Protein chains: 2
Amino acid sequence: MLDITALTKEDAATCPVRSVLSKVTGKWQILIFLALEDESHRFGELKRTVGDITPRVLTENLKSLERDGFLTRTVHSGPPLAVSYELTEMGHSFIKVIKPVVFWAGDNFQSIDAARKKFAS
Amino acid sequence: MLDITALTKEDAATCPVRSVLSKVTGKWQILIFLALEDESHRFGELKRTVGDITPRVLTENLKSLERDGFLTRTVHSGPPLAVSYELTEMGHSFIKVIKPVVFWAGDNFQSIDAARKKFAS
DNA sequence: CTAAATAGTGCGTAATTGATACTTAGTACC
DNA sequence: GGTACTAAGTATCAATTACGCACTATTTAG
């Protein structure tokens, strides 16, 4: 098994696996990856695609993903002013491993729902 | 592309993909899956393996995963009193798709670190 | 009844997330 | 120049969620 043990918070921070997972398995990151999979999008497009994300949170997530090298941010001076976001090679590489997880989610949604109903009884 | 659009919170709650992802991509769930991959473990063993999780949070996560059918909880009346946790078939099925993500994290840790250093400059 | 070992809870605090309204930037029109 | 229009964020404060620590509960041996 991979070593994910961490006796202290400091250990956890230096564990490569944990460090990476914490950057990509939040509530919004995977949705942003999916939205950008096939083509670059502007800020407003991303916001509309995800739908229920607030601009503040979208900005935070995009900054973090840019900082970690998953996507690039390009400013096109207008009119109209436009900023586009695009996955990097590493971003596309990550999408290859996360998509099976997304498909798994789609395939197993009903089993989980069934388990939940059964558990309640 | 898969549809992950949600115009309202209610939409988001009923989106199968989002619903499943929210249950398995938290801070601790993947670590718990990894710890249980090869064999069942008792509460205290899990706590020591993960290392920096508090009992309260471990309990919460185990309850949630049990409720959703990813693992089973078995009480062995003592002495000493023991409670063991074990992945279900669905739990093992999920581990198959999440392990590539974990390996990806291990493989790409340095690229991300490099991107971060470059971005800072 | 007391003790020892394992499993879990309760409660107050800290960090994150969220909603809403506001600010900045670039350009065109008057 | 001044006003307006559109896109891209920010600021502020409230609400939610997660965390840390100490405490409680259960089971059986002596």
Side-chain angles (χ1 to χ4, degrees), chain A residues 6-13 15 18-19 21-32 35-36 40-67 71-86 119, chain B residues 6-13 15 18-19 21-32 35-36 40-68 71-86:
Chain A
L7 296 180
T8 69
K9 271 194 165 182
E10 290 67 37
D11 292 344
C15 168
R18 288 200 193 195
S19 151
L21 290 180
S22 73
K23 292 174 173 62
V24 292
T25 61
K27 180 173 179 181
W28 302 109
Q29 285 94 327
I30 294 177
L31 302 180
I32 292 172
L36 289 174
S40 73
H41 284 290
R42 301 169 56 176
F43 185 89
E45 290 174 335
L46 283 173
K47 180 156 167 28
R48 279 189 295 279
T49 299
V50 177
D52 56 344
I53 192 170
T54 63
R56 196 183 75 82
V57 174
L58 180 54
T59 300
E60 272 177 7
N61 277 272
L62 290 171
K63 270 186 188 160
S64 164
L65 291 173
E66 184 194 4
R67 192 177 155 79
L71 52 79
T72 58
R73 175 181 186 274
T74 310
V75 179
H76 313 269
S77 46
L81 166 68
V83 179
S84 69
Y85 294 89
E86 185 168 16
F119 188 83
Chain B
L7 296 181
T8 68
K9 272 193 164 181
E10 289 66 38
D11 292 344
C15 168
R18 290 200 190 195
S19 150
L21 290 181
S22 74
K23 293 174 172 62
V24 291
T25 61
K27 179 173 179 180
W28 302 109
Q29 285 93 330
I30 294 177
L31 303 179
I32 292 172
L36 289 175
S40 73
H41 284 290
R42 300 169 56 177
F43 186 88
E45 290 173 334
L46 283 173
K47 180 157 168 26
R48 279 188 296 278
T49 299
V50 177
D52 56 345
I53 192 171
T54 63
R56 205 183 77 80
V57 174
L58 180 55
T59 301
E60 271 178 8
N61 277 272
L62 289 171
K63 269 186 190 162
S64 163
L65 291 174
E66 184 195 4
R67 193 177 155 79
D68 291 326
L71 52 79
T72 56
R73 176 182 185 274
T74 310
V75 180
H76 312 270
S77 45
L81 167 67
V83 179
S84 68
Y85 293 89
E86 184 168 19

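Just so it is clear, the model here is predicted, and its values are computed rather than measured.
A search for side-chain contact (heavy atoms from CB on, under 4.5 Å) contacts involving Thr59(B) returns Phe43(B), Lys63(B), not counting sequence neighbours. By the salt bridge (charged side-chain N to carboxylate O under 4.0 Å, His left out) test, Arg56(A) is found to be paired with Glu60(A), residues two or more places apart in sequence or in another chain being considered. Applying the salt bridge (charged side-chain N to carboxylate O under 4.0 Å, His left out) test to Arg73(B) and every residue at least two apart in sequence or in another chain returns nothing. For Glu66(B), there are no salt bridge (charged side-chain N to carboxylate O under 4.0 Å, His left out) partners at least two apart in sequence or on another chain. Residues passing the side-chain contact (heavy atoms from CB on, under 4.5 Å) test with Lys47(B) are Pro55(B), Leu58(B), sequence neighbours excluded. Residues satisfying the side chain to side chain donor-acceptor pair (under 3.5 Å) test with Thr25(B), not counting sequence neighbours, are none.
His41(B) has its NE2 atom 15 Å from the P atom of dG8(C), to the nearest Å.
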So which protein N/O to nucleotides 10-17 of chain C N/O distances come out below 3.5 Å?
unit_1: dC11(C); atom_1: N4; unit_2: Arg56(B); atom_2: NE; d: 3.2

If you restrict it to nitrogen or oxygen atoms, what contacts under 3.5 Å exist between nucleotides 5-9 of chain D and the protein, and what is each distance?
unit_1: dA7(D); atom_1: O3'; unit_2: Arg42(A); atom_2: NH2; d: 2.9
unit_1: dA7(D); atom_1: O3'; unit_2: Leu81(A); atom_2: O; d: 3.3
unit_1: dA8(D); atom_1: OP1; unit_2: Arg42(A); atom_2: NE; d: 3.3
unit_1: dA8(D); atom_1: OP1; unit_2: Val83(A); atom_2: N; d: 3.4
unit_1: dA8(D); atom_1: OP2; unit_2: Gly44(A); atom_2: N; d: 3.1
unit_1: dG9(D); atom_1: OP1; unit_2: Arg73(A); atom_2: NE; d: 3.4
unit_1: dG9(D); atom_1: OP1; unit_2: Arg73(A); atom_2: NH2; d: 2.4
unit_1: dG9(D); atom_1: OP2; unit_2: Tyr85(A); atom_2: OH; d: 2.9

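Note: Leu31(A) CG to Leu21(B) CG = 7.0 Å, rounded to the nearest 0.5 Å. Atom CD of Gln29(B) is separated from atom CG of Leu62(B) by 10.0 Å, given to the nearest 0.5 angstrom. To the nearest 0.5 Å, the span separating CG on Asn61(B) from CH2 on Trp28(B) amounts to 8.5 Å.
The bend of the helix from dC1(C)-dG30(D) to dC30(C)-dG1(D), defined by the angle between the axes of its first five and last five pairs, stands at 20° to the nearest 10°.
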